[in-house]
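What follows is a single structure, written as structure tokens, with notes after it.
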Amino acid sequence: MRFPILTPEEAADLFYNDCNCGFSGFTAPGAPKVVTQAIAAKAERLHEQGEPFKINIITGASTSDKCDGMLARANAIGRRTPYQNHPDLRKRINSHDAHYYDLHLSETAQKLRYGFLGDLDLAIIEVSDIQDDGTCVVGTGVGNVPTIAQYAKRIVIELNEKLRHALYGLHDIYLPLDPPNRREIPIFKASDRIGSPVLKLDPEKIVGVVMSDSYEGVKPFTPLDETTQMIGANVCRFLIGEMNAGRIPSSFLPIQSGVGNVANAVLYGLADAKEIPPFEMYTEVIQDAVIDLMKKGRCKFGSTSSLTVSNEVEEEVISNIDFFKEHLVIRPVEISNNPEVIRRLGVIAMNTALEADIFGNINSTHVTGTRMMNGIGGSGDFTRNAYVSIFSCPSITKEGKISNIVPMVSHVDHTEHSVDVIVTDQGIADLRGLDPVQRAHVIIDNCAHPMYRELLRDYLKLSTRGGQTPHTLEASLAFHTEFLSSGDMRNVNWGKFIS
């Protein structure tokens with residue numbers, strides 16, 4: 001091999017306080033696994049000596065405990081974008097120990113190329129194979145690797161021998177030109193390939209290679225419960241109804257699905273919904289459920305930016321890689337989440353919410369409006385450009401102490417203008433063509449839990465000021481303030497808001 005072999009500690013010595021770093025991967029797949037652990041250890045040593053040490057990180061999305069987790073626990077993250085989901089990093093963000101710039105995933109690479117995010121001093125890029133001329137096969141998550149590789153001044157390679165030689169042909173690496181020279185992205189069906197199976201790095205930038213040997217460590221999702229099964233069944237019922245009404249073609253349309261247990265439940269529901277024909281996915285993440293759907297012939301093809309599957313399923317994919325190369329392609333996130341392509345293909349977007357309000361606004365990111373959970377991720381990329389946009393969540397959490405249908409969301413990530421359908425375990429609210437008051441009644445009647453319906457109807461009656469959207473501002477966040485006060489939204493009393 002042309003490039004020097006480095007220990008993780010030798011690679012970590014290249015990183016310095018306040019350096020701007022690009023990391024490969026999209027969710028845990030493809031993210032660095034060993035150098036980041038050495039960087040965290042270095043940070044802890046320096047902090048013990050009273051020296052400052054934090055690095056600024058740009059990724060494809062979230063990473064893993066070996067990356068975001070260890071660095072957060074070492075208080076080694078200065079700035080972070082565009083998405084995260086690790087509880088230790090979340091604590092740092094909410095205590096302002098780390099500065100977090102939440103960003104639509106499809107925009108990160110181009111904002112980096114436009115110069116909006118500053119220079120990239122260093123990058124860590126996981127690959128499954130590399131040649132002496134810098135030609136490499138990347139890992140199971142592409143994310144923003146092509147742009148990070150192009151703009152980083154120096155690159156550390158993590159060569160994952162667990163994946164070596166297995167992944168060639170699985171990727172489609174393509175970078176759009178920047179304005180004013182950008183042209184159409186020529187993807188006309190989910191299975192179209194428009195780029196290269198390899199990424200070509202500048203060999204002069206590569207300072208060394210660190211060896212690794214592990215799968216991604218993605219935890220399997222928890223088994224479906226009654227609530228998530230009902231949500232999945234209701235989403236399928238809506239899609240079947242749209243097909244029967246002729247509003248979705250009988251050949252169906254590509255699907256996008258967010259990450260998590262609710263999203264996984266929807267996908268498992270599609271396995272049993274035989275009224276829906278075998279379909280394609282144009283999405284950002286492929287989960288365990290999709291691999292199962294492919295084996296059963298229910299999912300014909302999946303275009304993604306990451307193969308976010310558990311270790312057991314990853315082993316199965318690697319062992320049957322020839323089959324899955326015929327059914328999968330992994331792209332950069334600015335292509336997997338590209339608004340132009342999403343709209344052209346007519347993607348059905350299915351994402352999850354923390355809470356929804358009775359007028360159709362969605363909070364995806366902030367608990368009680370202040371504490372960051374994960375970030376907006378790619379939900380906005382798909383929601384605003386989908387053929388039909390669906391948001392789902394349980395109607396209640398914490399044994400009914402929280403209603404996820406509220407008078408006003410405590411933080412807005414997706415406005416009423418972008419949300420077509422809301423689904424909970426209680427039912428389906430089709431909001432298309434409705435004004436705010438009509439939406440409120442449909443959401444309360446179909447999506448709110450019965451224990452909260454009268455409280456929400458009474459909120460609507462409070463307004464004496466009129467207007468198209470009849471909020472009573474003094475009471476609009478009373479569900480949230482009551483929960484913060486007593487721990488139970490059901491204790492809200494509208495009487496104190498009546499003059």
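Small disclaimer: the values here were computed from a predicted structure and weren't measured. Atoms considered below: every heavy atom in the structure, side chains included; atoms not considered: hydrogens, waters and symmetry mates.
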Original post:
At their closest point, which heavy atom of A448 faces which heavy atom of S395, and how far apart are they?
Top reply: C-CB, 4.4 Å

**OP:** Indicate the atoms forming the closest heavy-atom contact of I148 with I58, along with that distance.
**Re:** CD1-O, 3.9 Å

Subject >> Nearest heavy atoms of T304 and S336, plus distance in Å >> reply: C-CB, 4.1 Å

Original post:
Ion pair present between E482 and R490, side-chain N to carboxylate O less than 4.0 angstrom?
Top reply: no

Original post:
For the residue pair Y459 and F479, is the inter-centroid distance of their aromatic rings smaller than 6.0 Å?
Top reply: no

Original post:
Would E340 and N385 count as having a side-chain donor-acceptor pair, cut-off 3.5 Å?
Top reply: no

**OP:** Decide whether H104 and S106 meet the rule of one side-chain donor and one side-chain acceptor closer than 3.5 Å.
**Re:** no

Original post:
So, for T59 and T108, which heavy atoms are closest and what is the spacing to 0.1 Å?
Top reply: O-CG2, 4.3 Å

Subject >> CD/E312: more than 12 non-hydrogen atoms of other groups inside 6.0 Å >> reply: no

**OP:** With H86 as reference, evaluate N374, D68, D65 under the side-chain hydrogen bond (donor to acceptor under 3.5 Å, both in side chains) test and give the passing residue.
**Re:** D65

Subject >> Donor-acceptor side-chain pairing of N20 and R79 below 3.5 angstrom >> reply: yes

Subject >> Rounded distance (nearest 0.5 Å) linking atom CG of L117 with atom CD of E107 >> reply: 10.5 Å

**OP:** Establish, from distance only, whether the side-chain atoms of E315 and Y215 form a donor-acceptor pair under 3.5 Å.
**Re:** yes

**OP:** Carefully, step by step, assess R344 and E184 under the rule salt bridge (charged side-chain N to carboxylate O under 4.0 Å, His left out).
**Re:** CA-CA 11 Å; R344 177 186 298 131; E184 68 280 0; over 6 Å; no

Subject >> Any side-chain donor near an acceptor of the partner, D488 and S486, under 3.5 Å >> reply: no

Subject >> Polar side-chain atom of K274 near backbone of A271 as donor-acceptor pair, under 3.5 Å >> reply: yes

Original post:
Do NZ/NE/NH1/NH2 and the carboxylate oxygens of R453 and D458 come within less than 4.0 Å?
Top reply: no

Original post:
Does R113 come within less than 4.0 Å of E334, counting only side-chain N to carboxylate O?
Top reply: yes

Original post:
Will you find, in the side chains of T308 and T27, an N or O donor that is under 3.5 Å from an N or O acceptor?
Top reply: yes

Original post:
What do you reckon, is CZ of R432 surrounded by more than 12 foreign heavy atoms closer than 6.0 Å?
Top reply: yes

Original post:
Out of E355, H414, H411, which residue meets the side-chain hydrogen bond (donor to acceptor under 3.5 Å, both in side chains) rule with S364?
Top reply: H414

**OP:** Start with the C-alpha gap between R92 and D88, add the side-chain angles, then the distance that decides, and say whether salt bridge (charged side-chain N to carboxylate O under 4.0 Å, His left out) holds.
**Re:** CA-CA 7 Å; R92 294 292 186 189; D88 292 319; over 6 Å; no

Original post:
Between the side chains of D413 and T365, does any donor sit under 3.5 Å from an acceptor?
Top reply: yes

Subject >> Nearest non-hydrogen partners of V329 and H171, listed with the distance >> reply: CG2-C, 4.3 Å

Original post:
Between the side chain of S95 and the main-chain N/O of K91, is any donor-acceptor distance below 3.5 Å?
Top reply: yes

Original post:
How close do Y174 and P186 get, heavy atom to heavy atom, and via which atoms?
Top reply: OH-CD, 3.9 Å

**OP:** Measure the acute angle between the ring planes of F497 and W494, then classify it against the limits of 30° and 60° as parallel, tilted or perpendicular.
**Re:** tilted

Original post:
Say you draw a straight line from CG of D178 to CD of Q110; how long is it, rounded to the nearest 0.5 Å?
Top reply: 7.5 Å

Subject >> I390 CD1 to L431 CG distance, which is reported to the nearest 0.5 Å >> reply: 11.0 Å

**OP:** For the pair D357 and R439, evaluate salt bridge (charged side-chain N to carboxylate O under 4.0 Å, His left out) and give the outcome as yes or no after the intermediate values.
**Re:** CA-CA 10 Å; D357 70 29; R439 287 198 298 268; over 6 Å; no

Subject >> Pair N144, T147: side-chain N/O donor-acceptor within cut-off below 3.5 Å >> reply: no

**OP:** Could you point out which residue of V333, N337, N338 forms a side-chain contact (heavy atoms from CB on, under 4.5 Å) with D381?
**Re:** N337

Subject >> Check ion pair E242-R247 (N to O, under 4.0 angstrom) >> reply: yes

